[in-house]
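See below for the structure under consideration.
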Amino acid sequence: MYSKIAIKNVKKSFKDYAIYFLTLTLAVCIFYSFNAIGSQKAFLQMDASSQAYVSLLVKAIAGISVFVSIILGSLILYANNFLIKKRKKELGIYMTLGMGKRKISHILVIETLLVGIISLISGLILGIGVSQGLSIFTLKLFDLPYNQYHFAISTGAIGKTVLYFGIMFLLVMLFNVVIIAKYKIIDLLTAGRKNQEMKFKNPVLYFITFILCVMSLGFAYKIILEIGLNITNNRFLVSIGLGILGTVLFFFSLSGFMLYIIKKNKKIYLKGLNIFVIKQINSKVNTNFLSMSLICLMLFITIGILSTGISFKTNMDESLEIKTPFDASIYLINKDKSYDIETLLNKSNFKISNQEAYISYNLYETGMKIKDFFENEKSNFSNVNVDFIKTSDYNKILSLKGEKKVDLNPNEVLILSSSSHLIHSVNERLKSSNKIMIEDKAYLIKNHEVILENLQTDVMAINFLTIVIDDEFLSNYNITKSVLNVKYLEGNREEHNKKYYEIQSYISEYGDENWDFFHIDGITKDSVYTEGKGLTTIILFIGIYIGMVFLITSMAVLALQQLSEASDSIERYKALRRIGATREMIEKTIFLQTLLYFSLPVILACLHSVIGINVVDSFISTFQKTDIRSSALTTALIFVVVYGGYFYTTYTGYKNIIRDSL
Amino acid sequence: MKNILSVEEIEKYYGSKGNVIKAIDNISFKVDKGEFIGIMGPSGSGKTTLLNCISTIDNVTTGKIIINDRDITRLKSKLLDKFRQNELGFIFQDFNLLDTLTAYENIALALTIKGEKFSQIDEKINSVAKYLEIENQLNKYPYEMSGGQKQRVASARAIVTDPSLVLADEPTGALDSKSSRLLLEKFESLNRDLKTTILMVTHDAFTASYANRILFIKDGKIFNELIRGSDNRKEFFNKIIEVTTLLGGDDNNVF
């Protein structure tokens, strides 16, 4: 009997449930597809270190999923609350008919269960489809060929999804039972009859807040554009803080300010139902300014992550090439004595096979600092020593790379660097003058633009500043760092790699006990690549995951707020109709209102994003010019589809609610 | 006097075959320009249905309703909307003011819906507000006003478009007696000074006594008609009471 009522209710109010279904389905779909990533068999064919990253990715997603399920859980509770509110009258009628609260709860529990099961099923079906696309995408990120792809359904992920959402639905049921227990019949029956009080403060207040908002946003943008993506800088936090403050102030003052401006323009103000639209938006934004600010910030994060994420990864991957000019490198950092790497290795049992080609070079320090190079410019690395390398050593590096040797006169030098923090200022310095004073002697800098390279394979691009100089000049200095660069000619890479990972044990086992150097280590190109790609992929995935969840959360909240507005406004539309407004006018009003309400947070989020993307772009394009067009386009597409879907569902839902009651 | 409203032999049925309810059963009457006519009847008598039919919110089953020489039962829905905007003004029992708008904006809305030029709106609202003595309420929201003030704002909204006919549905239903008297006196002077034609539906004898002529409806038919003529309000009120007693007395037959 009660399940019959519940089934009928769900069927009957399918239109009201549309947003709820849509949101639940999308949530389940996203949740499943991200948690199903690990199930792709192709990952099993990767080498051990890559597999380690895949399992790290799976773990990371599992961790983020807890956070995501909290967000989705709150969203579902919010949506459920909205649905219950809408049905207060219906519940009141049940009660006046003598149905006990327990039985009403019973009906609601069955309804929630029903809706939950249906949306779980539809979400899982959609998710299984989406996860295939995601798998292909993952294969691409890990550089695996497409033909490795197999259709896969992850039972583990299905189980997890059912468990997590099951808990959420259980919470919703509990919540409903608690809410029903608290209701009084009189409140239920008279729900929706309360008149809204319009709490408007002095327009001057809104005017001032709006100016404050513009100022704080302006400052936030100015600071962030100045310092760039420099998280360690304190001003970065100031900028973020001002940005958030500005956003909240924007939504707080917007409606009042808009009203103030539009009231001055009688032509717009006194036309058709414009007054009504403005006031509707006004009252809604006024009460919801905090949630709108939150939505705006979430959308900003989504747009930012989605449009820069891919190019961030591509760029990070491209910077790998700069970091790893050779297949392997062993570097030795000296203390007081002046060892050179080849002598050291020759005395140990370490053997380089004849399937590998190698060269070695030494770096020297003269006591010259980076600030001496820039003469008067300040930089974070002012006190770092400048490295020197002999021209002959540099030519050895070039020849191993297969590049043309350089010819330098005794009074000529070359400037090298790979540090993203310095490249720009070094280039500026070279532009202003091509002279340099070293040890009181003037040298001519032969290159007009900094030569962007790491001299060895390294985990980071940390060749701050190296000067290539005549061999004679360095003959009296101590070697500070000595490096062996290796290029594999043939044979199994993994076998070659192995000995470089174990370099320290070679040295300590067979070496002279009296050796007194600071540090020795081996790095291979493959390890840097796996680490780099693995990390960027994990970051990218988490970014997309959170971005998608934020997107549907904000869209769903906007939609629900609009729809609850619709039920609250029925009386207003009735009044409009009675005083002669036509159906077309009313539909136009609804459209305009929904559109405005949906676009306000998006517009500010887009403005934030333009600045944000710019900052991220300049950060990651230090190495390579970025092209975010394709990822921005993809983002726009995802956005238009989700946004359009929610907008359309909301608009028709709103229209139906009003039309049914007119 | 020019004829404003002419209701000719209208009938209104509800329900389907086998279970037909006649809400209006062959009613005819005419209203001339400048009249203040009241329609009285107990609840369920069909007076609200009649008002809904005249106000084009509902349509009749048979018969004609002619307002300003146009048969509104034959108008298409688009023309009906235009018609409602231009020819009719409404006053409701529960005011039907928009709670999100100020009094000024509520009144302005009737004009903007009609497509009035924005330059004339201010002037029109101010003159109506002055007449109904709500100038000080114009910037207030409905929740800040008393019932009487709200109903006067609603009245201002009804007459600001200068309609041929003002339809009032239990205008004093939600007001206390003092506010009712104040409002009805305004109706009286509107009718006297501005020659506004008012059709008022009520079940309250005191409210009805402000009209010039009263139609009594019972069970969907016109039961009686009372014309004030040269009577003062007190005399007219007593006559109304007599008729309503008679109207109610009919029920004696049932027992």
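Hydrogens, waters and symmetry mates play no part in the numbers below; they use all other heavy atoms, side chains included. These figures come from a predicted structure and were not determined experimentally. Letters A, B, ... are given to chains in the order of the sequence lines, protein chains preceding strands, and every chain is numbered from 1.
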Is atom [atom1] of [X] surrounded by more than 12 heavy atoms (other residues, nucleotides or ligands) closer than 6.0 Å?
X: K271(A); atom1: NZ; result: no
X: K140(B); atom1: NZ; result: yes
X: F29(B); atom1: CZ; result: yes
X: Y648(A); atom1: OH; result: no
X: K64(B); atom1: NZ; result: no

- Partner chain B: residue of E584(A), R578(A), R583(A) with the largest heavy-atom pair count (under 4.5 Å): R578(A)

- Options G580(A), A575(A), A581(A), G272(A), ranked by heavy-atom pairs under 4.5 Å with chain B, top entry: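 When all of G580(A), A575(A), A581(A), G272(A) are compared, G272(A) has the most.
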
Taking every heavy-atom pair that is under 4.5 Å apart, which of [options] has the most such pairs with chain A?
options: N106(B), D122(B), N96(B); value: N96(B)
options: F92(B), F95(B), F90(B); value: F92(B)
options: R84(B), K82(B), E105(B); value: E105(B)

- Message: Show the nearest heavy-atom pair for residues L101(B) and F276(A), with the distance to one decimal.
- Response: CD2-CA, 4.2 Å

- Task: Provide the closest heavy-atom pair for D99(B) versus R572(A) in the form atom of the first, atom of the second, distance.
- Result: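 Residues D99(B) and R572(A), closest heavy atoms: OD1-NE, 2.7 Å.
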
Working to the nearest 0.5 angstrom, can you tell me the gap between [X] [atom1] and [Y] [atom2]?
X: T582(A); Y: Q85(B); atom1: OG1; atom2: CD; answer: 6.5 Å
X: L109(B); Y: L273(A); atom1: CG; atom2: CG; answer: 5.5 Å
X: L270(A); Y: I125(B); atom1: CG; atom2: CD1; answer: 7.0 Å
X: L98(B); Y: Q280(A); atom1: CG; atom2: CD; answer: 8.0 Å

- Message: Between K266(A) and chain B, with a heavy-atom cut-off of 4.5 Å, which part of the residue counts as in contact: side chain, backbone, both or neither?
- Response: both

- Message: Is T102(B) in contact with chain A via its backbone, its side chain, both, or neither, using a 4.5 Å heavy-atom distance?
- Response: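 Both backbone and side chain.
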
- Item | Toward chain A, the part of K114(B) with a non-hydrogen atom under 4.5 Å |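 No part of K114(B) comes within 4.5 Å of chain A.
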
- May I ask you to say whether R577(A) pairs ionically with D81(B), meaning some side-chain N is under 4.0 Å from a carboxylate O? yes

